[in-house]
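Scroll down for the structure; my scribbles are underneath it.
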Amino acid sequence: MSGSEPGEDGWGALALDRREGEHQTYNAFTDSLGLSNLHRPYPPSGHGDRLEPEQAWNLLRTLAVKRPTGANAATAIRTAAVAALVAATGHSVPELQKLDVTAANLEHRPLPVLQVADVAHPLDKHTVEILRRWLDVRAGITKELEGTDPGYLWIPTKPGRPRDGMEPPKPGLTRAAVRTLHSAHRTLVLQVFGTPLRPLALLPRG
């Protein structure tokens, strides 16, 4: 069995309870109907679903290269980049969601950095590679904005649903919502590993 496959002593021991899995399914269904306001809250997290460092590395590496059949490529790359930055900086998704593209200085020497809350976090080669892939995808999305890109680091990868007869804003004009980033992470990890681990699982225990 490889380090990234579920097992009694590995990923299987980290599986969240049935109630969380049911919430994941229900919330994905409400998203498909455009009714995200009906989301059920997930159970509070302790430290029991945190990964060991090697498991976290395996998860990040797999998310970066593996895309389940039918998964949106841009969303998968964005999810991998968010996960990599959670692990690299120790910051939560709500904290990272507020960042602009200018927070990432990938040309900084001796190491590229991500500026979060006045702290420059050094980024390893693997994280930089994943983030560059997302920035390339993001550039492809925002080119349709014709110079009006507000510079948000995390943006929707596809248009939203019309509301009240109004067309949704083009991807890139708004930030991707925290719930969108969380949902994308849970969904992708569930498809890849069979366990809807939270981004928080990438942080060290303690």
Side-chain angles (χ1 to χ4, degrees), residues 16 20-45 49 59-60 63-64 66-68 70-89 91-101 103-104 114 116 127 130-131 133-145 148-164 166-193 195-203:
L16 302 181
E20 177 154 339
E22 291 173 348
H23 285 198
Q24 170 76 13
T25 301
Y26 174 84
N27 290 344
F29 176 66
T30 57
D31 283 342
S32 72
L33 298 177
L35 300 173
S36 298
N37 59 307
L38 297 181
H39 272 193
R40 292 175 179 170
Y42 289 96
S45 176
D49 59 348
L59 172 59
L60 292 172
L63 291 180
K66 185 174 181 179
R67 178 165 59 92
N72 179 279
T75 301
I77 294 171
R78 184 189 65 191
T79 299
V82 172
L85 292 184
V86 168
T89 68
H91 284 281
S92 66
V93 170
E95 292 169 323
L96 297 176
Q97 183 262 356
K98 304 172 184 177
L99 298 180
D100 293 333
V101 171
L114 184 77
V116 187
T127 301
I130 297 173
L131 185 54
R133 289 178 62 199
W134 163 243
L135 292 175
D136 287 345
V137 170
R138 184 192 177 284
I141 295 172
T142 57
K143 70 180 180 181
E144 302 296 330
L145 300 181
T148 59
D149 178 6
Y152 305 135
L153 180 56
W154 311 113
I155 61 173
T157 56
K158 53 187 177 182
R161 295 175 179 272
R163 295 182 181 276
D164 300 323
M166 301 290 292
E167 288 297 316
K170 292 181 178 179
L173 290 177
T174 59
R175 295 185 191 275
V178 171
R179 67 174 179 272
T180 298
L181 299 178
H182 269 297
S183 177
H185 179 92
R186 289 172 183 272
T187 298
L188 185 61
V189 174
L190 178 63
Q191 290 173 327
V192 172
F193 292 105
T195 300
L197 290 169
R198 306 174 173 116
L200 188 67
L202 295 164
L203 300 181

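Below, all heavy atoms of this structure are taken into account, side chains as well, without hydrogens, waters or symmetry copies. Please read these numbers as outputs of a predicted model, since none were measured by experiment. FYI, the numbering just counts along the sequence from 1.
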Search all heavy atoms of Lys170 against all heavy atoms of Glu144 and return the closest pair with its distance. NZ-O, 3.7 Å
What's the separation between atom CG in Leu173 and atom CG in Leu145, rounded to the nearest 0.5 Å? 5.0 Å
Nearest-0.5 Å distance, CH2 of residue Trp134 to CD1 of residue Ile141: 4.5 Å
Do you know which two heavy atoms are closest between Pro171 and Pro159, and how far apart they sit? CG-N, 3.6 Å
Kindly compute the distance separating CD1 (Ile130) from CG (Leu135), expressed to the nearest 0.5 Å. 12.0 Å
Nearest-0.5 Å distance that lies between atom OG1 in Thr180 and atom NE2 in His182: 10.5 Å
pair Trp154-Leu85: side-chain heavy atoms closer than 4.5 Å: yes
Does any part of the side chain of Thr174, heavy atoms only, come nearer than 4.5 Å to the side chain of Pro156, both counted from C-beta? yes
Report the C-alpha separation of His185 and Val82 in whole Å, then their side-chain angles, then the decisive distance to 0.1 Å, and conclude whether the side chain to side chain contact (heavy atoms under 4.5 Å, CB included) test is met. CA-CA 8 Å; His185 179 92; Val82 172; 6.0 Å; no
Beyond-backbone contact of Leu99 with Arg175, side-chain heavy atoms, under 4.5 angstrom: no
Which distance, rounded to the nearest 0.5 Å, do you find between the OG1 of Thr79 and the CG of Asn72? 9.0 Å
Given the rule in the side chain to side chain contact (heavy atoms under 4.5 Å, CB included) test, do Ile155 and Asp149 qualify, once you have shown the distances and angles that lead to the verdict? CA-CA 11 Å; Ile155 61 173; Asp149 178 6; 5.9 Å; no
Please report the shortest heavy-atom distance between Leu131 and Ala104, naming the atom on each side. CD2-CB, 3.9 Å
Between Val137 and Ala74, what is the shortest heavy-atom contact and its length? CG1-CB, 3.6 Å
Working to the nearest 0.5 angstrom, can you tell me the gap between Leu188 CG and Thr75 OG1? 9.0 Å
To check you understand the geometry: which heavy-atom pair defines the closest contact between Leu181 and Arg78, and what is its length? CD2-NE, 3.6 Å
Is the backbone of Tyr152 close enough, under 3.5 Å, to the side chain of Arg138 for a donor and an acceptor to pair up by distance? yes
